[in-house]
Amino acid sequence: MNRSIPLRSFLTAAWLGWQIESNWTDPFLFATYSIIKPVAGAAILVIMYAIVTQGQFDSPVFAYLFLGNAFYQYVPAVLSGVSWTIIDDREHYRTLKYIYVAPVNIPFYLFGRAVAKFIIATIGVIITIAAGVLFLHVRINWAQVHWGVFLLSLALGIIMMALLGLILAGITLLTARHSYYIGDVVAGGLFLFTGAIFPLEILPVWLRPVGYALPITYWLELLRRALVGEVAQAFPTFAALSNETLFLVLIAASLVFGTASVFIFRRCDFIARERGNLDITTNY
Amino acid sequence: MEEPSAIRTEHLGRVYKIRNNRKEAFRELVALQDVNLEVQRGELFGLLGPNGAGKTTLIKILTTLLAPTSGKASVAGYDVLTQAGEVRKRINMVSGGETSGYGLLTVRENLWMFAQFYGIESKEAYRRIDMLMEIVGMKDRLNTKSADLSTGLRQKMNIVRGFLTDPEVLFLDEPTLGLDVGASRDVRAFIRRWMDENPQRTLLLTTHYMVEAEELCDRVAIINQGRVLACDTPGNLKQQLQHEAIFQVWVQRENLLEEQAFKTLGGLRHFHQTFENGALRLELILDEENLLTAVLNRLVESQARILRLEKRQPTLEDVFVHLVGQRLEEVEGESHAPAD
Ligand SMILES: Nc1ncnc2c1ncn2[C@@H]1O[C@H](COP(=O)(O)OP(=O)(O)OP(=O)(O)O)[C@@H](O)[C@H]1O
Ligand SMILES: [Mg+2]
């Protein structure tokens, strides 16, 4: 088998990740995490929306926040999927050093390990949207969905987030105790700045640049436009920007983050070897 | 072009910066100092030293996990720091005494997965797994989840993981640590057999068991407090002590002898006493054989009745004592450094 090192690192890691994620001894727990939790979260959002707006489900704002919230599930899943592996392998399975000693491309290995979390998040997203359409007044005109735009921006966004995750993985390599939930924490912290559940205009002027600087913001906008094009246009934030412009911004941001993340990860990796961080254990 | 050495280090050093809490300033701990080693292809090389000697540190550097703080090291001709990728294609490593592995995978899956990382085709991987597991007597455990294995069996699985990828240079850090006598013997026999099968293979192992170094290794480096004190074949190392006289004396006595009375004797290089089956056993290393009379006189003066006297051939243990001034167990008894 003459697969290249990055490819076999990715595929083998994906296999391993799936074995770990799907190893639910309790199917009920699995259902809770992949179905009940996202749907419950969406339902709470809908109830709050209904109370605040006195049931204005026809307003474009509703689909906007519902879809933003649904797709945002990918953010913690991918960020922690990529970075958590460092802790999992180093502290729990104690295999990180053996993975490092092997001819493995570590970034591709980490991406591979995140695949399972990506798949589970996808199930969560589909179920959330299905629940929205069936029970929670979300209206999507399937005939008018731009599938090309949707799939392309989805793929780009996932790659972009995987690269962001790599930065967190690098930080995790260097910090022993403090980065257990770094992926979830960062994802949670960015939630309000990405226009997921309200337009950036609601933020104070001085906070808005954070949102404009984050590729996640453009990604969510593109996804929403692809699914509910004409209503999404009604939002102020990016109304002036065409799909093409949004794509360009997303690609440019991904390139910037991508280059930075590769550089940062290499640097952290090097420092970790200098300090001897690859096989430290902090608990157990 | 001349074939590069399997392992080569030049003035290799490693300093750890440590502190116990955030308020403290960093202290420096010298784990390795000016290590110069050259291991040829085909050699089974042993690093022998007490706890905290720096053996694991050296292995971590050679396996690209840790950067040296001074000097250089190369494996199979590639620099461990700047050409880590090339090194990793050619090596594998196992540390004993730990239970790493993906517990939710079966033994076969764990091993297959690591073979995948090395680009070994599945069919070939399964063939090797079956063969190796048969050799270590674990064939019936192939489909056991590795979490359900005992510590010793998990360690055997890890040892198999090391051999599975048929590396050019294999590093084993205390491979028999924690294994019972029989299992240790099996592992040693297997190591020897693996080396004999292919003269191009190189293996470096660390140990603090004298027998292991003595019966297994082509060459041994004795290492203490981060320094290599000697490096040669076990035979040559012992040869150095040939002109010295090593005696064991058993005397009848309830309590230990006053050491000072003996230490003042000239030419007594080493004096050690332990109780053994109700008698006191003394170990003596003398610069010359004819100094024995003086020692025996002292014993008589101390009212110790001599039960038995034996002269023996030097062992690696004696070489260690000669170089370090203490037995390996004594050094370990003193060291405050916890094992990793
Ligand atoms: N990550 C680390 N940080 C700080 N000090 C360390 C670290 N790892 C090892 N040391 C110290 O470096 C010295 C050498 O340790 P090392 O683990 O290499 O010894 P060893 O010969 O393998 O011992 P053992 O037989 O106990 O395994 C010891 O004093 C140890 O406490
Ligand atoms: Mg050690």
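The chains referred to below are lettered A, B, ... by the order of the sequence lines, with proteins before strands, and numbering in each begins at 1.
Highest contact tally toward chain B, considering only A:Asn277, A:Asn105, A:Val101, is held by A:Val101 [criterion: heavy-atom pairs under 4.5 Å]. The greatest number of non-hydrogen atom pairs below 4.5 Å with chain A, out of B:Trp112, B:Tyr16, B:Tyr118, is found for B:Tyr118. Heavy-atom pairs under 4.5 Å with chain A were tallied for B:Asn158, B:Leu66, B:Leu65; the largest tally goes to B:Leu65.
The only member of A:Thr85, A:Asp89, A:Thr12 that meets side chain to side chain donor-acceptor pair (under 3.5 Å) when paired with A:Tyr109 is A:Asp89.
Cation-pi geometry between A:Arg8 and B:Phe117 is not satisfied (NZ or CZ under 6.0 Å from the ring centre, within 45° of the ring normal).
At a 4.5 Å heavy-atom cutoff, the contact between B:Glu109 and chain A is made by backbone and side-chain atoms alike. Using a 4.5 Å cut-off between heavy atoms, B:Ile61 does not touch chain A at all. For B:Ser95, the parts sitting under 4.5 Å from any heavy atom of chain A are the backbone and the side chain alike. Interface remark: B:Phe171 contributes no atoms to any contact with chain A (heavy atom separation under 4.5 Å). Contact of B:Arg14 with chain A is made through the side chain alone, with heavy-atom distances under 4.5 Å. For a residue to count as touching a neighbouring chain, one of its non-hydrogen atoms must lie under 4.5 Å from one of that chain's; by this rule B:Val15 does not touch chain A. Heavy atoms of A:Ile5 lying under 4.5 Å from chain B belong exclusively to its side chain.
Atom CD of B:Gln225 has 12 or fewer heavy atoms from other residues, nucleotides or ligands within 6.0 Å.
Using modelled atom types, one finds no donor on one side chain facing an acceptor on the other under 3.5 Å when comparing A:Tyr93 with B:Asn110. Side chains of A:Tyr100 and B:Thr64: a donor-acceptor N/O pair is absent below 3.5 angstrom, by distance only. A side-chain N or O of B:Glu38 and one of B:Ser5 form a donor-acceptor pair less than 3.5 Å apart. Side chains of B:Asp79 and B:Ser74: a donor-acceptor N/O pair is absent below 3.5 angstrom, by distance only.
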